[in-house]
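Take a look at the structure set out below.
Below, chain A is the first sequence line, B the second, and so on; all start at residue 1. No experiment lies behind these values; they were computed from the predicted model shown.
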Amino acid sequence: MQMPEPSAAILARKARIIERLRGALPADAVIDAPEEVRAYECDALTAYRCPPLAAVLPRSTAEVSAVLRICHEEGVPVVPRGSGTSLAGGALPTADSVILGVARMTAVLETDYDNRFIRVQAGRTNLAVTGAVEPEGFFYAPDPSSQLACAIAGNVAMNSGGAHCLKYGVTTNNLLGVTMVLMDGTVVDLGGPWAEPAGLDLLGVVCGSEGQLGVVTEATLRILPKPEGARPVLIGFDANEVAGACVSDIIKAGILPVAIEFMDRPCIRATEAFAKAGYPDCEALLIVEVEGSPAEIDEQLARIRDIALRHDPVEFREAENEDQARRIWLGRKSAFGAMGQINDYMCLDGTIPVSSLPHVLRRIGEMSRDVGLDVANVFHAGDGNMHPLILFDANKPGDLEKCEALGAEILKLCVEVGGCLTGEHGVGVEKRDLMEVQFAPDDMEAQLRVKDVFDPKWLLNPAKVFPLHVTAGRRAA
Amino acid sequence: MRPATEAELADILKGANAPLAVCGGGTRAIGALSGAAVQTGGLAGVRLYEPGALTLVAGAGTRLAEVEAALAAEGQRLPFEPPDLRALLGRGGESTIGGVVAANESGPRRVQAGACRDALIGVRFVDGTGAVVRNGGRVMKNVTGYDLVKLMAGSRGTLGVLTEVSFKVQAIPEAEATLLAEGLAPEAALAAMRAALNSPFEVSGAAHLEAAAAGGASRSLIRIEGMAGSVAYRLDRLREIVGPWAAVEGEASAALWRGVRDVAPFAGRPGAVWRLALRPTSALGPVAALQAAGLDHAAIWDWAGGRLWLCVTGASDGGAAVIRAGLDGHATLIRPEPGMAAVPVFPPEPAPVAGLTRALRARFDPRGILNPGLMG
């Protein structure tokens with residue numbers, strides 16, 4: 001992974017920069033001791049690490065603005081950080097950068113049930129947003145699997161999804177407004193509690209911009225009344241193609257499950273050994289969850305059963321009570337932990353058209369055998385968001401490189417069949433150098449222009465999203 | 001000019017040295033367009049449709065009616081219920097799907113299914129320099145690079161000319177029904193709608209037409225859609241919340257919502273027509289202000305008060321000053337009243353946001369040839 005050379009001039013001015021930051025923030029909000037900044041050297045993509053120049057932990061929009069104004073004047077790159085759960089290296093520092101962490105900004109600012117929104121400081125965790133409105137029977141829909149830890153700031157930066165976005169959409173569909181600080185310290189409000197933007201949809205382009213356009217300090221989020229109930233079914237098949245056809249038929253029939261999850265045999269075996277959820281030993285397994293009143297759930301599941309039975313499943317298991325429902329989800333929810341038990345793994349999240357599913361799974365199988373690394377697949381089948389887990393041994397020289405090369409080939413395959421490099425994790429540094437697989441120069445240029453407008457000096461979250469050679473001229477300017 | 005291909009369009013834009021009026025079918029354009037017209041009608045046709053993946057890709061100039069017919073043949077539809085504003089605006093012609101996207105037009109179902117921009121998953125466009133740009137694609141989940149798809153939705157041709165659009169579509173539910181109450185005051189109607197939307201019963205429409213707009217008693221409408229058994233169940237449960245409203249089903253229900261969607265009560269009615277985006281609990285404010293100012297008006301609330309349509313008669317500025325003063329939201333002038341003074345069609349933006357918007361336009365359209373001045 002190539003990162004830009006840190007600026008010697010900035011490193012040389014470290015003392016002055018720290019002093020200015022300390023002048024603007026409370027004493028405990030500026031961290032520069034080498035042993036302490038080490039806590040910020042990486043996010044959940046732990047293969048890449050680099051301690052930053054300093055880390056700051058402001059408590060308000062005004063403090064964020066002060067930090068950015070100073071860094072802008074000093075020409076210091078800033079890497080915004082939510083909870084540091086990015087799987088793509090979205091919060092990886094450079095040695096000459098200041099980490100701007102929003103972890104201390106966790107307050108609920110406004111809860112408005114009549115207008116169905118909550119306004120929070122962006123460091124609040126995803127699950128704590130739901131936690132704040134749950135007593136009144138509401139929830140915040142996007143539910144990335146890291147929701148216990150991940151911050152709304154990171155969710156907005158990466159436009160995070162989750163298992164239930166088939167019905168409820170991803171972050172951008174549930175984000176009503178943000179307060180954001182531009183790199184020069186200017187505070188802007190985009191969107192708001194009203195439904196439509198007044199002019200250009202700047203909020204729409206900020207969401208998913210990986211912290212490169214501004215630092216989001218507050219977010220207004222749509223909240224929804226909780227459904228009356230939910231119930232999953234587990235359906236086993238002896239071929240991936242058949243499971244894929246079943247997914248397509250459920251969708252075509254007009255049933256809108258909240259989730260359709262897919263696991264292939266390697267994944268089923270690994271999770272079964274780990275979590276002992278009682279899954280059938282079969283080629284492919286679907287977990288389909290529907291919502292509503294008991295009668296509405298019965299009505300939907302009866303139709304799903306009719307469709308599934310036409311595909312001759314090896315198993316159709318309906319949860320008859322809470323415990324059985326929990327067991328159906330247990331294996332799926334343990335999948336990543338199970339993989340971690342056996343091996344190091346790399347998790348990709350390329351998205352493909354649902355119709356390409358059998359072809360892509362077959363090709364991944366072939367590529368996996370050619371390279372000699374196992375790949376287990378678990379993913380959101382309803383929307384084609386794959387999660388191939390490539391297993392490797394970090395202690396074995398060359399294995400990580402082999403794994404990364406296989407990952408790149410799999411993502412190229414996703415693009416080749418009409419999909420994309422990343423469905424919910426973001427590009428970060430991890431997929432940065434693959435962007436040209438998906439985008440022609442003019443496609444990328446249009447995106448770079450947006451960056452030029454919001455951050456003319458290219459100081460925010462440097463060296464992410466776009467290949468370095470594509471941005472070199474702009475970063476140097 | 002009516003290019004037949006994207007390449008031809010790119011050549012036109014590269015060679016242009018004067019403002020161009022970019023439009024689709026011209027059925028929903030608002031504000032002043034000047035210059036030679038560039039129409040997208042030649043960039044037509046459904047290019048990919050996979051009902052099993054809920055995705056459709058079409059040329060921007062494809063007629064909306066053709067897209068809707070292709071979807072209906074498979075029992076599917078665009079989720080966001082695009083309005084037909086021809087009668088309201090007194091226009092003829094055919095809406096294009098690109099025009100719907102350029103205006104980010106959504107109807108009553110937005111409260112449940114999201115806006116046009118939420119269903120839009122990919123675009124191709126030619127920017128003001130003549131470069132062809134692709135963003136998003138044909139898959140529902142895509143966070144690769146910046147989301148220019150959202151930026152293009154609602155940009156009204158000012159950043160580029162759309163050539164192709166991709167959507168996430170949805171199945172047409174087997175049943176729909178509307179709870180209907182007549183004669184409610186707006187306060188009571190809007191409170192009932194907010195309560196309905198705060199229930200788990202998945203309301204897909206919540207509108208209130210003032211007596212002056214309903215032609216007789218006021219009408220309050222709450223819609224639900226889904227499987228037949230579920231619709232029946234939710235009708236009962238919602239009545240426990242809002243009271244013993246009447247139920248209208250099937251085509252009669254659909255006709256009610258077409259009326260709301262297309263703002264039918266204001267078609268042919270004299271006056272300036274405004275569209276407001278509001279915090280639902282502030283939705284009565286503009287109407288009270290018009291009353292206090294003694295301005296003749298009619299009101300239709302959609303999205304449980306999140307959207308307000310106003311038809312204001314006889315005000316020299318169409319009611320702009322009264323409506324926009326201290327508004328908790330923003331107001332767009334959809335149809336001026338003949339003879340009224342010129343007022344900004346689009347709501348003015350706060351300085352830093354306006355600065356960003358201006359700078360983006362200057363980057364995407366450096367020569368200022370694409371619908372210049374339209375949005376400010």
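Between Lys141(B) atom NZ and Asp383(A) atom CG the span is 4.5 Å, to the nearest 0.5 Å. Atom CG of residue Leu148(B) and atom CG of residue Asp443(A) lie 9.0 Å apart, to the nearest 0.5 angstrom. Atom CD in Gln112(B) sits 10.0 Å away from atom CG in Leu224(A) (nearest 0.5 Å). Between the CZ atom of Arg138(B) and the OG atom of Ser355(A) there is a distance of 5.0 Å, given to the nearest 0.5 Å. Here OG1 of Thr129(B) is found 8.5 Å from CD of Glu445(A). Values are rounded to the nearest 0.5 Å. Rounding to the nearest 0.5 Å places CG of Leu151(B) at 11.5 Å from CG of Leu203(A).
The residue among Gly192(A), Ser293(A), Gly208(A) with the most heavy atom pairs within less than 4.5 Å of chain B is Ser293(A). Of all the listed residues (Arg194(B), Arg124(B), Met227(B)), the one sharing the greatest number of non-hydrogen pairs under 4.5 Å with chain A is Met227(B). Most heavy-atom pairs under 4.5 Å with chain B, from the set Val354(A), Leu434(A), Leu421(A): that is Leu421(A). If you tally non-hydrogen atom pairs under 4.5 Å between each of Leu190(A), Asp452(A), Leu256(A) and chain B, the highest count goes to Asp452(A). Contact count against chain A (heavy-atom pairs under 4.5 Å) is highest for Pro280(B) among Pro280(B), Pro352(B), Pro350(B). Looking only at heavy-atom pairs under 4.5 Å with chain A, the residue among Glu349(B), Met152(B), Arg110(B), Arg156(B) that has the most is Arg110(B). The choice from Leu213(A), Val188(A), Val450(A) that makes the most heavy-atom pairs within less than 4.5 Å of chain B is Val450(A). Each of Ser106(B), Ala53(B), Ala171(B), Gly329(B) has some count of heavy-atom pairs under 4.5 Å with chain A, and the biggest count is that of Gly329(B). Counting heavy-atom pairs closer than 4.5 Å to chain B, the top residue among Ala446(A), Gly169(A), Pro197(A) is Ala446(A). Counting heavy-atom pairs closer than 4.5 Å to chain B, the top-ranked of the candidates Arg449(A), Gln212(A), Lys252(A) is Arg449(A). Annotation: maximal heavy-atom pairing with chain A below 4.5 Å, among Gly229(B), Gly137(B), Ser155(B), Gly306(B), occurs at Gly229(B).
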request  = Kindly determine whether Asp114(A) and Thr281(B) satisfy side chain to side chain donor-acceptor pair (under 3.5 Å), including the steps that lead there.
outcome  = CA-CA 7 Å; Asp114(A) 266 346; Thr281(B) 49; 6.0 Å; no
task = Just do the side chain to side chain contact (heavy atoms under 4.5 Å, CB included) check on Leu360(B) and Leu202(A) with the steps written out, would you?
result = CA-CA 10 Å; Leu360(B) 279 172; Leu202(A) 301 185; 3.4 Å; yes
Trace of the side chain to side chain contact (heavy atoms under 4.5 Å, CB included) decision for Leu197(B) with Arg116(A) = CA-CA 9 Å; Leu197(B) 275 170; Arg116(A) 294 191 313 287; 3.4 Å; yes
inquiry  = Let's go through Asp328(B) and Trp194(A) carefully: what are the C-alpha distance in whole Å and the side-chain angles of both, what is the deciding distance for side chain to side chain contact (heavy atoms under 4.5 Å, CB included) to 0.1 Å, and is it a yes or a no?
reply    = CA-CA 8 Å; Asp328(B) 182 21; Trp194(A) 37 88; 3.2 Å; yes
request  = Show your reasoning for whether side chain to side chain contact (heavy atoms under 4.5 Å, CB included) applies to Phe117(A) and Arg279(B).
outcome  = CA-CA 10 Å; Phe117(A) 73 81; Arg279(B) 192 191 304 247; 3.5 Å; yes
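For Asp349(A), no part sits under 4.5 Å from any heavy atom of chain B, backbone or side chain. Looking at Val247(A), there are no atoms closer than 4.5 Å to chain B (heavy atoms on both sides), in backbone or side chain. For Arg237(B), the part sitting under 4.5 Å from any heavy atom of chain A is the side chain, from C-beta outward, and nothing else. Heavy atoms closer than 4.5 Å to chain A are found in the backbone of Leu278(B), but not in its side chain. With a threshold of 4.5 angstrom between heavy atoms, Pro227(A) approaches chain B through N, CA, C or O but not through any side-chain atom. Neither the backbone nor the side chain of Thr332(B) comes within less than 4.5 Å of any heavy atom of chain A. If you measure heavy-atom distances from Arg361(B) to chain A, the contacts under 4.5 Å come from the side chain alone. Proximity to chain A (any heavy atom under 4.5 Å) is restricted, for Met375(B), to the side chain, taken from C-beta onward. Residue contact with chain A, scored on non-hydrogen atoms closer than 4.5 Å, involves the side chain of Glu174(B) exclusively. For Val417(A), the part sitting under 4.5 Å from any heavy atom of chain B is the backbone (N, CA, C, O) and nothing else. The contact between Val170(A) and chain B is made entirely by side chain atoms (from C-beta outward), counting heavy-atom distances below 4.5 Å. For Val353(B), the parts lying under 4.5 angstrom from a heavy atom of chain A are both the backbone and the side chain. Proximity to chain B (any heavy atom under 4.5 Å) is shown, for Ile223(A), by neither the backbone nor the side chain. For a residue to count as touching a neighbouring chain, one of its non-hydrogen atoms must lie under 4.5 Å from one of that chain's; by this rule Asn142(B) touches chain A with backbone and side chain alike.
When each of Asn173(A), Asn174(A), Thr172(A) is paired with Asp118(B), the side chain to side chain donor-acceptor pair (under 3.5 Å) condition holds for Asn173(A) and for no other.
Counting all heavy atoms, side chain and backbone alike, Pro225(A) lies closest to Pro200(B) at CB-N, 4.1 Å. The minimum heavy-atom distance linking Asp442(A) with Ala131(B) is given by the pair OD2-CB, 3.7 Å. Taking each heavy atom of Gly418(A) and Val139(B) in turn, the nearest pair found is O-CG1, 4.0 Å. Contact between Tyr113(A) and Asn198(B) at its shortest, heavy atoms only, is O-ND2, 2.9 Å. Closest approach of Thr158(B) to Leu200(A), counting heavy atoms only: OG1-CD2, 4.3 Å. The two atoms that bring Gly145(B) and Val427(A) nearest to each other are N-CG2, 3.7 Å, heavy atoms only.
The main-chain N or O of Glu196(A) is found under 3.5 Å from a side-chain atom of His330(B) such that the two form a donor-acceptor pair. For Asp201(A) (side chain) and Gly154(B) (main-chain N/O), no donor-acceptor pair under 3.5 Å exists by modelled atom type. Judged by distance alone, the side chain of Ser230(B) and the main-chain N or O of Glu296(A) form no donor-acceptor pair under 3.5 Å. At distances below 3.5 Å, at least one donor-acceptor pair connects side-chain atoms of Arg134(B) with backbone N or O atoms of Gln438(A).
When side chains are defined from C-beta on, Val453(A) counts as touching Arg363(B), because their heavy atoms get closer than 4.5 Å.
Within the structure, salt bridge (charged side-chain N to carboxylate O under 4.0 Å, His left out) contacts touching residues 156-175 of chain A (residues at least two apart or in different chains) are Lys167(A)-Glu291(A), Lys167(A)-Glu202(B).
A side-chain N or O of Tyr233(B) and one of Glu228(A) form a donor-acceptor pair less than 3.5 Å apart.
The six-membered or imidazole ring of Tyr146(B) lies near that of Phe466(A), with a centre-to-centre distance under 6.0 Å.
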